[in-house]
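Input: a single structure, listed below in structure tokens.
We name chains A, B, ... by the order of the sequence lines, and we start the count at 1 in each one.
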2 protein chains.
Amino acid sequence: MTEIEKTLENKSVRPTAMRILIYKYMAEKDIAVALTDIENAFAKADRTTLYRTLKTFEEKGIVHQIDDGTGISKYALCEPGCNCELDQDLHLHFHCGNCDETVCLTEHKIPHINLPEGYIAEDANLVIKGICEKCSGQ
Amino acid sequence: MTEIEKTLENKSVRPTAMRILIYKYMAEKDIAVALTDIENAFAKADRTTLYRTLKTFEEKGIVHQIDDGTGISKYALCEPGCNCELDQDLHLHFHCGNCDETVCLTEHKIPHINLPEGYIAEDANLVIKGICEKCSGQ
DNA sequence: ACAATAAATGCACTTCCGTTGCACTAAGAA
DNA sequence: TTCTTAGTGCAACGGAAGTGCATTTATTGT
């Protein structure tokens with residue numbers, strides 16, 4: 001039994017062939033992936049399957065969904081200590097306007113914001129847009 | 001000539017009847033509005049016209065577009081000193097999960113974030129999700 | 001091993017929002 | 001008035017998310 005299979009089982013997700021492949025695909029990339037990306041990578045599989053796999057992964061805390069402002073939902077694997085389902089790991093995301101890639105900056109947490117009277121914060125999303133490391137180095 | 005007409009002309013937007021109505025509608029609301037909201041408010045007008053009006057307003061710095069994470073673009077009038085087109089007025093937005101309304105918190109600016117080496121920030125978007133003033137008071 | 005049951009996958013279709021092309025109309029300039 | 005430009009309306013497209021249902025694959029109990 002591989003590491004990936006163990007990881008999936010730990011999160012009570014049955015490690016089917018498709019799921020292992022998708023997990024592997026995401027693990028190899030260091031950037032957030034969209035459903036379309038996975039679709040292109042696995043042309044043989046049906047979009048619904050990939051869609052529902054991501055949803056399952058999300059529910060079980062294997063990946064977290066990222067809204068980077070492009071209008072396209074992206075997903076990234078949760079880090080070992082990622083508590084995104086508890087809204088306790090509010091790391092920020094960086095979207096590069098050049099290569100259109102989105103990365104998690106897991107080391108950078110969203111600073112605490114003082115809200116006006118009456119407002120109750122439950123979640124936060126911070127996306128920085130600009131030029132990423134790879135593109136600025138060109 | 002009304003205040004609104006003056007405002008529009010100052011931003012070099014011809015104050016047509018439709019545009020004045022839309023501006024008035026947005027001014028009366030203290031929350032960000034979606035195209036659909038305007039559509040419902042002006043059932044007689046065509047969606048394209050409303051859409052293009054918002055786009056014109058946005059280009060000319062009359063409104064700014066807001067991505068509140070719902071997947072639906074919203075728009076709010078720019079405040080007198082709002083320099084959103086210059087990315088110098090990075091105020092944050094609050095989205096209420098109860099009433100689904102989004103407000104600009106113009107007094108609250110996005111704090112400066114130190115990015116890793118190589119990353120160049122050009123813009124930022126911070127959305128706090130939770131319960132708004134109106135809904136928490138219930 | 002077998003049937004019974006549940007989960008996963010694939011196909012077709014729908015909905016929603018944003019967007020564009022083109023024709024028509026109204027408004028400002030010569 | 002005529003010319004020109006800007007604004008409006010109609011129709012249609014396209015991408016992405018999401019749903020219902022049939023089929024296949026895997027797991028459980030006997």
Side-chain angles (χ1 to χ4, degrees), chain A residues 1-2 4-5 7-25 32-60 62-76 95 100 102, chain B residues 1 4-5 7-25 32-60 62-76 95 100-102:
Chain A
M1 194 191 240
T2 69
I4 293 178
E5 285 177 78
T7 308
L8 294 181
E9 293 222 321
N10 282 342
K11 301 279 188 174
S12 32
V13 170
R14 293 223 309 245
T16 66
M18 201 65 247
R19 287 170 175 172
I20 294 169
L21 283 173
I22 294 176
Y23 190 100
K24 200 178 288 180
Y25 174 77
V33 298
L35 175 58
T36 311
D37 298 329
I38 302 183
E39 218 181 322
N40 294 335
F42 301 98
K44 280 166 283 183
D46 188 76
R47 231 196 51 218
T48 314
T49 304
L50 306 173
Y51 171 74
R52 285 201 254 246
T53 300
L54 283 175
K55 286 292 165 199
T56 305
F57 280 9
E58 192 188 359
E59 271 172 31
K60 299 304 171 78
I62 296 171
V63 304
H64 59 275
Q65 190 177 10
I66 300 166
D67 169 24
D68 62 3
T70 60
I72 296 163
S73 292
K74 306 215 171 132
Y75 300 84
H95 177 249
D100 196 41
T102 300
Chain B
M1 194 193 243
I4 293 178
E5 286 177 78
T7 307
L8 294 181
E9 294 223 321
N10 283 343
K11 300 279 187 172
S12 32
V13 170
R14 293 225 308 247
T16 67
M18 201 65 247
R19 287 170 176 174
I20 293 168
L21 283 174
I22 294 177
Y23 190 99
K24 199 179 287 178
Y25 173 77
V33 297
L35 175 58
T36 311
D37 298 329
I38 303 183
E39 219 180 323
N40 294 335
F42 302 98
K44 280 167 285 187
D46 187 77
R47 216 168 54 105
T48 314
T49 304
L50 306 173
Y51 170 75
R52 285 200 254 245
T53 300
L54 283 175
K55 284 293 164 198
T56 304
F57 280 9
E58 191 188 359
E59 270 173 31
K60 298 305 170 79
I62 296 171
V63 304
H64 59 275
Q65 191 176 8
I66 301 166
D67 169 23
D68 63 3
T70 60
I72 297 164
S73 292
K74 306 213 171 133
Y75 299 85
H95 177 250
D100 197 41
E101 291 186 347
T102 300

Checklist line | Selection: residues 32-43 of chain B, any non-hydrogen atom under 4.0 Å of DNA chain D | finding: none

Next item on the list: To the nearest Å, give me how far apart NZ (K74(B)) and C1' (dG18(C)) are.
Entry: 15 Å

Checklist line | Atom-to-atom span, CZ of R47(A) to P of dA12(C) - whole angstrom | finding: 13 Å

Note to self: Can you list everything that forms a side-chain contact (heavy atoms from CB on, under 4.5 Å) with R47(A)? Sequence neighbours excluded, please.
What the structure shows: L35(A), E39(A)

Next item on the list: Using whole Å, report how far CD of E9(A) lies from C1' of dA8(C).
Entry: 15 Å

Could you run down the sub-3.5 Å N/O contacts of the protein with nucleotides 21-30 of chain C?
from    : atom 1 : to     : atom 2 : distance (Å)
dG21(C) : O6     : R52(B) : NH2    : 3.0

Next item on the list: To the nearest Å, give me how far apart OH (Y51(B)) and P (dT19(C)) are.
Entry: 3 Å

Check: Does anyone know the first and last nucleotide of DNA chain D in reach of chain A, 5' to 3', at under 4.0 angstrom to a heavy atom?
Finding: dA16(D) to dT27(D)

Side-chain polar contacts of residues 18-25 of chain B - donor-acceptor pairs under 3.5 angstrom, sequence neighbours left out - could you list them?
from   : atom 1 : to     : atom 2 : distance (Å)
R19(B) : NH1    : R14(B) : O      : 2.9

Checklist line | Between the first and last five pairs of the helix from dA1(C)-dT30(D) to dA30(C)-dT1(D), the angle of the axes, rounded to 10 degrees | finding: 20°

Check: L21(A) has an atom CG; how far is it from atom P of dA8(C), in whole Å?
Finding: 16 Å

Next item on the list: Grab the CD1-P distance between I66(B) and dG18(C) for me, whole Å please.
Entry: 13 Å

